[in-house]
Amino acid sequence: MTLAALGIDVGSTATKLVGVTAAGDIAWRRLAPTAPRIEAQAEALLAEARAQPGGERAPTVATGYGRKLVASATRALTEITCHARGVYRRTGRAGTLVDIGGQDSKVILIGAQGQVLHFVMNDKCAAGTGRFLEVTAGRLQLPVAEMGDMARAATAEVPISSTCTVFAESEIVSLLARGTPVEHVVRGLHRALVHRVTSLVRSLGPRPPYFLSGGVAHNAAVAAFLGEALGAPVERAEEPQLMGAYGAALSALEP
Amino acid sequence: MPNEIHVPSRREAIRAQVQSGGGLAAVFPYHPPRALLRAHGLLPVEVWGPPGRSSSRGDAHLQPYTCSLVRAGLSFLLEGGLDQARVVLVPHGCDSLQGLGSVLLDFVKPAPPVLTCYLPRGDRALDRAFLADELRELDARLAAALGTRPDEAALLAAVEREERADQALGELLEGRARVGLGEEAFYRLVRSREYLPAEDFAALAGRALAAPAASARPARTPLVVSGLVPEPMALLSVLEAAGATVTGDDLACSGRRRYRPTQGPEPFARMSEGMLSGPPDSTRGASVEARLQHLRQLARAAGARGVVFLTLKFCEPELYYLPQLREGLAQDGVRALSLEVDLAEALPAPLVTRLEAFVETLR
């Protein structure tokens with residue numbers, strides 16, 4: 001398929017690139033851990049995309065925290081606008097989007113036409129972000145990808161009272177030293193993360209339906225616990241980690 | 001061309017004043033009696049931080065819930081930053097500033113005399129009379145500290161110079177679209193009112209407004225900016241890069257100082273009337289309704305669909321109003337973004353994202 005536009009989302013953890021057709025369907029995708037040399041990595045990924053049919057002349061929108069480092073992008077947009085656009089295109093519905101990324105989390109109110117009505121960000125500490133799970137997974141010597149299943153399967157949980165990621169890590173050490181089963185700790189950690197995100201959602205007022213995007217959306221326990229906390233199901237966007245890049249590519253289609 | 005206008009820095013203004021044999025008054029926000037200080041031969045130089053410096057020395061003397069404006073100001077004083085001043089004036093703009101006044105008078109006791117001044121929380125005849133008496137008292141304390149005794153004619157001349165500068169500030173803010181400066185450069189010009197002699201500021205503003213009209217800039221998203229002070233100033237460049245422009249100003253350091261001209265033979269009554277005549281202000285105890293009405297008018301006149309509130313952490317006077325202001329503005333379809341900054345810190349990247357995202361929602 002011929003690529004009509006490209007979107008690149010340079011996140012703190014992963015860099016995502018999406019190519020769309022003129023109809024706005026995803027036709028090409030790449031995902032790689034974000035490298036320290038962002039400019040070089042972004043251009044290398046874009047070179048690969050531009051080698052695809054139509055890619056050479058495809059306009060490009062960059063998003064994510066490294067958006068301004070993508071020298072060859074036509075323009076840059078924030079991940080708030082791009083995630084909302086991507087998710088709205090997939091769901092076609094207004095609602096509340098929770099985007100939990102590697103270093104921050106955002107709650108975005110999407111209007112009936114897909115526009116961003118309001119947003120809040122948790123950007124002052126790592127609690128309520130993917131980093132919270134990464135750090136604690138490191139302490140527990142668990143692969144991050146397995147934590148969600150472990151949390152769901154656990155039959156009990158211990159409360160993690162520290163909202164600060166660093167203190168939570170210390171709390172884990174204390175719990176493990178007391179012989180608390182690892183899976184109970186993991187379930188408690190997920191509950192703590194969701195508690196933080198839920199307070200962000202409530203600050204905008206409850207406006208279902210709820211959607212979840214960003215890398216943490218791959219974690220089924222987060223979606224399930226968030227749904228319990230909000231009293232309504234939380235839909236995980238298809239290819240949740242790509243929604244920012246997808247929204248950027250859709251924006252690049254616009255004149 | 002307007003972008004060739006040189007706006008003297010605080011340092012340059014201070015040097016010029018000292019070289020001319022004049023004295024300096026270090027003045028803390030928000031509504032300093034500039035005319036009175038000038039009449040005593042002092043150039044009032046306002047202390048808004050300064051930003052981007054460690055406030056650790058001040059922290060040792062203050063409660064942890066004190067705002068960064070006071071912490072940074074006290075640190076600067078302790079580091080010798082205000083040593084050139086003949087007097088330090090701390091108007092009672094809020095509890096934190098009043099606390100600073102007490103700390104300076106009772107504990108720190110810097111070399112320059114520390115003077116305080118109470119600002120009434122209203123604009124009734126009683127409030128104006130009270131402030132006029134406060135200013136007379138301040139005049140006496142300045143005379144005692146400096147040995148200067150300006151007569152009534154000198155006081156009135158100072159009042160009129162400041163009123164011309166206030167008028168110039170208003171014209172500058174109104175004429176924003178005609179001044180071909182970028183957002184940050186424009187606010188460097190506006191904020192030179194904080195330290196330039198009134199007549200120099202009025203002349204500078206006049207030159208900026210009289211310069212050939214700037215070539216048409218691409219259509220920008222108009223915004224109202226509210227809060228205390230546009231720090232870090234780089235915020236304004238972020239706004240500009242995002243395609244926005246500040247067309248309405250409700251900042252304590254600029255827009256809320258659009259005092260009305262006064263008339264009459266008695267200088268202290270005129271100073272008092274002028275200082276209390278500014279737009280509704282949190283530090284002067286304006287009602288929420290009055291603040292909301294003012295912001296609504298500013299947004300309408302500016303054609304703005306968004307208001308950015310720049311708040312300092314722990315700034316109670318400003319934060320008190322925010323929930324109701326946001327709600328009221330939303331009823332008019334005007335969106336609000338609240339950004340909390342710390343004067344000691346550089347511009348954080350997440351704050352840039354929030355600002356840019358906000359502008360994107362207004363397009």
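Basis for what follows: all heavy atoms, side chains included, without hydrogens, waters or symmetry-related copies. Letters A, B, ... mirror the listed sequences (proteins, then strands); counts begin at 1.
Counting non-hydrogen atoms of other residues, nucleotides and ligands closer than 6.0 Å to CD of B/Glu327 gives a total of 12 or fewer. The environment of CZ in A/Arg139 is sparse: at most 12 heavy-atom neighbours from other residues, nucleotides or ligands sit within 6.0 Å. Dense packing is recorded around CD of B/Gln63, with more than 12 heavy atoms of other residues, nucleotides or ligands lying under 6.0 Å away. Counting heavy atoms of neighbouring residues, nucleotides and ligands inside a 6.0 Å radius, atom CD of A/Glu39 exceeds 12 of them. By the neighbour-count criterion of 12 heavy atoms within 6.0 Å, atom CZ of A/Arg207 is sparsely surrounded, having that number or fewer from other residues, nucleotides or ligands. Surrounding CZ of A/Arg37 are at most 12 heavy atoms belonging to other residues, nucleotides or ligands under 6.0 Å away.
Looking at B/Ala357, the atoms closer than 4.5 Å to chain A (heavy atoms on both sides) sit in the backbone and in the side chain alike. For B/Ala242, no part lies under 4.5 angstrom from a heavy atom of chain A.
Interatomic distance, A/Phe119 CZ to B/Leu337 CG, rounded to the nearest 0.5 Å: 5.5 Å. With values rounded to the nearest 0.5 angstrom, A/Leu117 atom CG is found 9.0 Å from B/Thr361 atom OG1. Within the model, atoms CG of A/Leu77 and CZ of B/Arg363 stand 7.0 Å from one another, a figure rounded to the nearest 0.5 Å. Atom SG of A/Cys82 sits about 7.0 Å away from atom CD of B/Glu360, to the nearest 0.5 Å.
Identified by a heavy-atom distance below 4.5 Å to chain B, contributing residues of residues 10-23 of chain A are lacking entirely.
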message: Quick one, B/Glu356 with A/Arg67, criterion salt bridge (Lys or Arg N to Asp or Glu O under 4.0 Å). Give me CA distance, side-chain angles, the key distance, then yes/no.
response: CA-CA 12 Å; B/Glu356 289 177 348; A/Arg67 61 189 176 277; 2.4 Å; yes
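Residue A/Val116 comes nearest to B/Arg335 through the heavy atom pair O-NH1, 2.9 Å, listed as atom of the first residue, atom of the second, then distance.
At least one side-chain heavy atom of B/Val352 sits under 4.5 Å from a side-chain heavy atom of A/Lys68.
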